[in-house]
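Read through the structure below, which is laid out as structure tokens, and then see the notes.
Order of listing sets the numbers, starting from 1, for every ligand and every atom in it.
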Amino acid sequence: MAIILTSVEEGRAELLRRIGDARHIAAFTGAGISTESGIPDFRSKNTAWTRNPPIPFNEFMASETTRMESWRRKFAMDDSMKDVAPNIGHYAIARLVADDRIHAVITQNIDGLHEASGVPFDKIIELHGNGTYAKCLGCGVRHELSAVRRKFEASNRAPTCLCGGVIKTATIAFGQSMPEKEMQRAHAATLQCDLMLAIGSSLVVYPAAGFPVLAKENGADLIIINREETALDSIADVIIRAGIGEVLEPFAQRDRLN
Ligand code: NAD
């Protein structure tokens with residue numbers, strides 16, 4: 001039976017104790033850690049996502065008209081989130097990584113905010129890719145979004161690569177294969193940890209949500225920080241049901257940790 005804590009103070013105290021006792025900690029983050037930066041998650045109603053839902057991979061590949069619609073939605077989303085920056089939750093994780101407490105940050109997010117908060121890139125595992133740049137699906141070369149947008153707006157066509165390949169944001173769309181290397185790294189980090197912190201995820205999206213399950217099966221403790229119930233509450237050791245920023249605030253400051 002999980003311990004369920006709804007008091008921020010109790011949540012912080014339990015977290016401090018468990019983080020102190022653990023040897024290898026992996027963070028597993030979802031859209032909820034970025035809502036305090038102004039990026040809506042998928043569970044909230046009437047957001048920019050509702051107006052600009054992501055297009056599944058097979059539809060994106062099927063026609064240029066759909067690819068153009070996909071780029072229109074992408075740029076509309078970017079315009080609505082122009083000034084996003086990391087928040088306390090991201091900074092707390094960055095601090096814990098810098099202090100060698102968290103060894104890997106497995107994220108479902110595509111917003112690049114863990115890197116922007118100072119987590120070294122080699123500690124971040126982006127399971128669903130990164131929406132801050134684009135890639136050619138043919139040759140794999142990176143394309144900057146500003147250049148893609150200029151071409152798109154000038155030609156009113158879905159931009160293609162010099163090699164003739166289709167350009168797409170470097171995210172993993174619904175229906176697209178998971179990135180092999182990141183899946184392997186997440187698997188290894190999960191097997192290594194004795195504590196997994198699942199932060200801001202409804203834990204319903206698979207295969208990503210399989211990592212907290214694997215951590216538990218491998219004997220690690222699972223702490224979930226999420227303001228609503230999640231699909232994996234029944235296997236958690238501790239559930240902190242409160243706002244991420246307020247729970248993690250003390251961890252964002254080094255002197256409060258020691
Ligand atoms: P989700 O939207 O399914 O769940 C987010 C959870 O976080 C919800 O249960 C919500 O109650 C909780 N939450 C939101 N803000 C919170 C806060 N401030 N404090 C505490 N809890 C909070 O997200 P998911 O599980 O990551 O799955 C959605 C999928 O959508 C993922 O695959 C992800 O790639 C993608 N996505 C990414 C972003 C992003 O990159 N920021 C945003 C939206 C969706």
Side-chain angles (χ1 to χ4, degrees), residues 4-8 11-12 15 27-57 73-74 76-78 80-93 105-117 119 124-133 169-179 182-183 186 196-213 223-233 236 238-249 251-252:
I4 301 177
L5 303 170
T6 52
S7 138
V8 171
R12 287 174 175 175
L15 206 49
F28 176 89
T29 65
I33 197 168
S34 295
T35 57
E36 292 173 36
S37 293
I39 304 177
D41 60 21
F42 273 176
R43 308 298 139 191
S44 310
K45 309 248 174 329
N46 266 327
T47 69
W49 292 116
T50 327
R51 293 186 293 282
N52 301 289
I55 290 180
F57 188 61
R73 291 183 194 182
K74 164 67 180 160
M77 287 302 286
D78 285 358
S80 73
M81 297 171 196
K82 247 190 201 124
D83 301 315
V84 294
N87 64 59
I88 288 173
H90 297 106
Y91 286 121
I93 290 179
V105 180
I106 304 169
T107 188
Q108 299 169 89
N109 293 346
I110 57 168
D111 53 32
L113 291 182
H114 285 302
E115 197 183 0
S117 71
V119 179
I124 303 172
I125 304 168
E126 293 177 324
L127 292 177
H128 295 161
N130 189 311
T132 65
Y133 60 95
T169 55
T171 53
I172 305 298
F174 293 107
Q176 194 172 357
S177 315
M178 292 296 283
E182 281 74 10
M183 288 297 282
M196 181 169 278
L197 303 176
I199 304 170
S201 175
S202 56
L203 300 171
V204 295
V205 176
Y206 281 80
F211 291 111
V213 175
I223 299 184
I224 294 176
I225 308 173
N226 208 69
R227 64 185 173 204
E228 292 174 337
E229 287 181 19
T230 81
L232 296 183
D233 283 3
V238 178
I239 298 166
I240 304 174
R241 210 164 274 159
I244 293 163
E246 52 185 354
V247 172
L248 293 183
E249 191 268 338
F251 298 88

Region of [X] engaging ligand 1 - heavy atom pairs below 4.0 Å:
X      : result
Val205 : side chain
Ile110 : both
Ala242 : backbone
Pro40  : backbone
Ile39  : side chain
Ser201 : both
His128 : side chain

Considering non-hydrogen atoms of the protein only, which is the closest contact for [atom], and what is the distance?
atom                    : result
atom 34 (O) of ligand 1 : Gln108 O, 2.4 Å
atom 35 (C) of ligand 1 : Phe42 CE1, 3.9 Å
atom 14 (C) of ligand 1 : Asp41 OD2, 3.1 Å
atom 23 (O) of ligand 1 : Ala31 CB, 3.5 Å
atom 12 (C) of ligand 1 : Asn226 OD1, 3.3 Å
atom 4 (O) of ligand 1  : Ser202 N, 3.2 Å
atom 19 (N) of ligand 1 : Ile244 N, 3.0 Å
atom 37 (C) of ligand 1 : Asn109 OD1, 3.9 Å

Between the CD atom in Gln108 and the CD1 atom in Ile33, the distance rounded to the nearest 0.5 Å is 11.5 Å
Practice task
First locate atom CG of Leu248, then atom OH of Tyr91, and finally report the distance between them rounded to the nearest 0.5 Å.
Solution key: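 Going from CG on Leu248 over to OH on Tyr91, the span is 14.5 Å.
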Closest contact, heavy atoms only, [X] versus [Y]:
X      : Y      : result
Leu232 : Pro212 : CD1-CB, 3.9 Å
Ala31  : Asp41  : CB-CB, 3.6 Å
Pro53  : Arg73  : O-NH1, 2.7 Å
Ser37  : His90  : OG-CE1, 3.7 Å
Ala186 : Leu127 : CB-CD2, 3.9 Å
Leu113 : Asp111 : N-OD1, 3.0 Å

Output the list of atoms in ligand 1 that are nearer than 4.0 Å to some heavy atom of [X], sorted by atom number.
X      : value
Gly200 : 5 (C), 6 (C), 7 (O)
Gly30  : 26 (O)
Trp49  : 42 (C), 43 (C)
Ser34  : 41 (N)
Thr35  : 14 (C), 15 (N), 16 (C), 17 (C), 18 (N)

Heavy-atom side-chain contact between [X] and [Y] under 4.5 Å:
X      : Y     : value
Asn109 : Ile39 : no
Leu197 : Leu15 : yes
Thr171 : Lys74 : no

Looking only at non-hydrogen atoms, the one of Thr171, Leu127, Asp111 nearest atom 41 (N) of ligand 1 is Asp111
Do side-chain atoms of Ser201 reach the backbone of Leu203 as a donor and acceptor pair under 3.5 angstrom?
yes
Where does the angle between the aromatic ring planes of Phe211 and Phe28 fall among parallel (under 30°), tilted (30 to 60°) and perpendicular (over 60°)? tilted
